[in-house]
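Have a look at the structure below, then the notes.
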Amino acid sequence: MGLRLPLGVVRTDELTEGQVLELEGELEALCASVDDVFARPASRENLRAMVRGLLSEVPRKNLWQLAEAAGHPNPDRLQGFLAKAAWDAGALRDRVRAVAVASLAADDAVLIADETGDIKKGTKTAGVQRQYTGTAGRIENAQVSVHLSYGSRRGRTLIDAELYLGRNWAGATAEHERRCAEQGIPPERANAVATKPELARRMLERALAAPVPFTYFLADEAYGQCRALRAWLEEHQVRYVLAVPKDEVLPLPDGRTRQARELWALVPEETFERRSCADGAKGPREYDWAAVQLAATAHDLERHLLIRRSTVPNKKDKKTGELVREIAYFLCHTHPGATVAELVVAAGQRWMVEESFQVAKGQVGLDEHEVRKWCSWYRHTTVCMLAMAFLVTVRSRLIPAPPMTPDPRP
């Protein structure tokens, strides 16, 4: 099967034959670099078949169609590769992370945690239950996972993943034990619910141990409002920019506490600065920004509340029904002397995780698996991340990173 990268990454139909052959060589070199993760030659062959299929123009990347693209009579070989073969998904994940860092490391690199959901039928697939998923924007029968994305001006990709198990799965009853045993869920995850912020912390712990070079850790309100996660980040002196709700209680330098919305009400109008946090489809995404000094941490790093206000009325007030300017809040943990401009840029980089999910689902079939067991989910997800690492490596080489253009305003 010839290599044909998904459209939107690098148009292989616009490359010369020599360039396509060069990509073939790069893919083989990447697969060969992880051969020692797999005990048997057959597993190494199946890895190559699966990665090539995920990078191909196969319309639906389930195991049947991947097997057909590889010339297999049925999906048995690939199913065995994911469910029974002797290899460690964690070891492959660590190699994927190293490949991504080698391609993307830059002085503006960030780590971003976020979750995604896949709507599923039935109740036997590991992690599937009725739960809210942002993919559908409502409660559905779905499988939800938390991911860690690594991004910079050179590109972005997923480097780690954890499957979320809600109360339907994790618990101490005999029914919980039976269901988890059927799907091969390890006892340490089956006995109690690990929250999504806790899963993010575990992935961050692995990234710090690697170590992965980055400037800030970014996440939305679901993670920003978790005080245990914030305390862990501050203990490990990790700089962060985390979205928080308007009623988040924050410590002031004088020992008092105030809600985020109360602090916004006290900010003088002249304090707001109009800045772009990123480029959108219609040009720079400009907002009005202000920062409020908060209590410092025990490690002499600073905390700030970063306030973002839309430039025009764009949100309906629930009480009056009138359009008002939308306000968002970000709790920042950073080095002394960090400027509003720096924090604004960091806050604007969180969108990169959405691009990572688009590539994962739209180009390498992250959500098209048909596996039920715990082990198979982790293995499928990790192979998808390997395919993504190849794409981002190719793109970072063929499409030069844009130079940093610092905001001329102080």
Side-chain angles (χ1 to χ4, degrees), residues 1-6 9-10 12 19-58 60-103 150 157-161 163 184 206 210 359-360 363-397:
M1 178 175 62
L3 178 63
R4 292 188 59 80
L5 300 183
V9 182
V10 176
T12 53
Q19 288 173 314
V20 172
L21 290 174
E22 185 178 346
L23 295 183
E24 292 268 6
E26 285 189 37
L27 180 59
E28 173 54 33
L30 176 61
C31 292
S33 72
V34 299
D35 272 349
D36 58 312
V37 172
F38 305 94
R40 299 182 59 201
S43 293
R44 298 167 192 163
E45 293 174 7
N46 287 328
L47 173 73
R48 287 161 170 77
M50 190 168 174
V51 171
R52 283 181 171 276
L54 294 173
L55 293 172
S56 74
E57 295 176 335
V58 171
R60 181 167 174 78
K61 294 170 182 177
N62 55 39
L63 292 185
W64 268 102
Q65 294 200 26
L66 294 181
E68 182 179 335
H72 300 175
N74 54 54
D76 291 356
R77 285 175 57 181
L78 295 183
Q79 287 174 344
F81 172 67
L82 294 180
K84 300 177 181 178
W87 62 280
D88 181 3
L92 182 59
R93 175 205 61 220
D94 292 346
R95 299 296 186 83
V96 169
R97 182 179 58 228
V99 170
V101 169
S103 298
Y150 187 62
T157 191
L158 301 178
I159 62 169
D160 208 340
L163 184 59
R206 292 193 285 264
V359 172
Q363 296 177 359
V364 301
L366 180 70
D367 59 339
E368 294 179 347
H369 68 83
E370 295 177 346
V371 298
R372 288 188 171 184
K373 293 188 179 294
W374 174 269
C375 170
S376 300
W377 183 88
Y378 274 90
R379 289 180 170 188
H380 176 272
T381 298
T382 309
V383 174
C384 287
M385 292 194 300
L386 179 65
M388 290 181 69
F390 174 73
L391 291 180
V392 79
T393 299
V394 169
R395 185 174 179 85
S396 67
R397 181 173 61 81

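Nothing fancy with the numbering, it's 1 onward along the sequence.
Nearest heavy atoms, Trp377 versus Ala161: CH2-CB, 4.1 Å. Counting all heavy atoms, side chain and backbone alike, Tyr378 lies closest to Thr382 at O-OG1, 2.6 Å. The two atoms that bring Leu55 and Ala387 nearest to each other are CD2-O, 3.8 Å, heavy atoms only. Heavy-atom minimum distance, Ala70 versus Ala49: CB-CB, 3.8 Å. Scanning both residues, Arg48 and Asp35, for their nearest heavy atoms gives NH1-OD1, 3.0 Å.
Contact of the Leu47 side chain with the Leu386 side chain is registered, since non-hydrogen atoms from C-beta on lie closer than 4.5 Å. Between Leu23 and Arg397, the closest side-chain pair of non-hydrogen atoms falls below 4.5 Å. Inter-residue side-chain proximity for Pro75 and Leu66 is flagged as unmet; no heavy-atom pair is nearer than 4.5 Å. Between Leu92 and Val383, some side-chain heavy-atom pair lies under the 4.5 Å cut-off. In this structure the side chain of Ile159 never reaches within 4.5 angstrom of the side chain of Met385, judged on heavy atoms.
Partners of Glu45 by side chain to side chain contact (heavy atoms under 4.5 Å, CB included), not counting sequence neighbours, listed by chain and number: Arg77.
Atom CD of Gln79 is surrounded by more than 12 heavy atoms from other residues, nucleotides or ligands within 6.0 Å.
The main-chain N or O of Asp88 is never found under 3.5 Å from a side-chain atom of Arg93 such that the two would form a donor-acceptor pair. Side-chain atoms of Arg95 come within 3.5 Å of backbone atoms of Ser33 as a donor-acceptor pair (strictly under, hydrogens ignored). Side-chain N or O atoms of Ser376 include none that pairs as donor or acceptor with a backbone N or O of Arg372 at under 3.5 Å. A distance-only check finds a donor-acceptor pair linking the side chain of Ser396 to the backbone of Thr393 [under 3.5 Å].
Using a 4.0 Å cut-off between charged nitrogen and carboxylate oxygen, Lys61 and Glu370 do not count as a salt-bridge pair. Under 4.0 Å is where a charged nitrogen must lie from a carboxylate oxygen, and between Arg44 and Asp36 no such pair does.
Ring-plane geometry between Trp87 and Phe81 is classed as parallel, the angle between the planes falling under 30 degrees on a 0 to 90 degree scale with a further cut at 60.
Between atom CG of residue Asn46 and atom CZ of residue Phe38 there is a gap of 9.5 Å, rounded to the nearest 0.5 Å. Note that NE2 of His369 and NE2 of His380 are 6.5 Å apart. Values are rounded to the nearest 0.5 Å. To the nearest 0.5 Å, atom CG of residue Leu82 and atom CZ of residue Arg379 are 7.5 Å apart. Here the CG-CD distance, from Leu30 to Glu26, works out to 9.0 Å after rounding to the nearest 0.5 Å.
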Please evaluate residues Trp64 and Asn74 with respect to the criterion side-chain contact (heavy atoms from CB on, under 4.5 Å), reporting the C-alpha separation (whole Å), side-chain torsions for both, the decisive distance (0.1 Å), and the verdict. CA-CA 6 Å; Trp64 268 102; Asn74 54 54; 4.1 Å; yes
Residues Gln65, Glu368; criterion side-chain contact (heavy atoms from CB on, under 4.5 Å); working and verdict: CA-CA 11 Å; Gln65 294 200 26; Glu368 294 179 347; over 6 Å; no
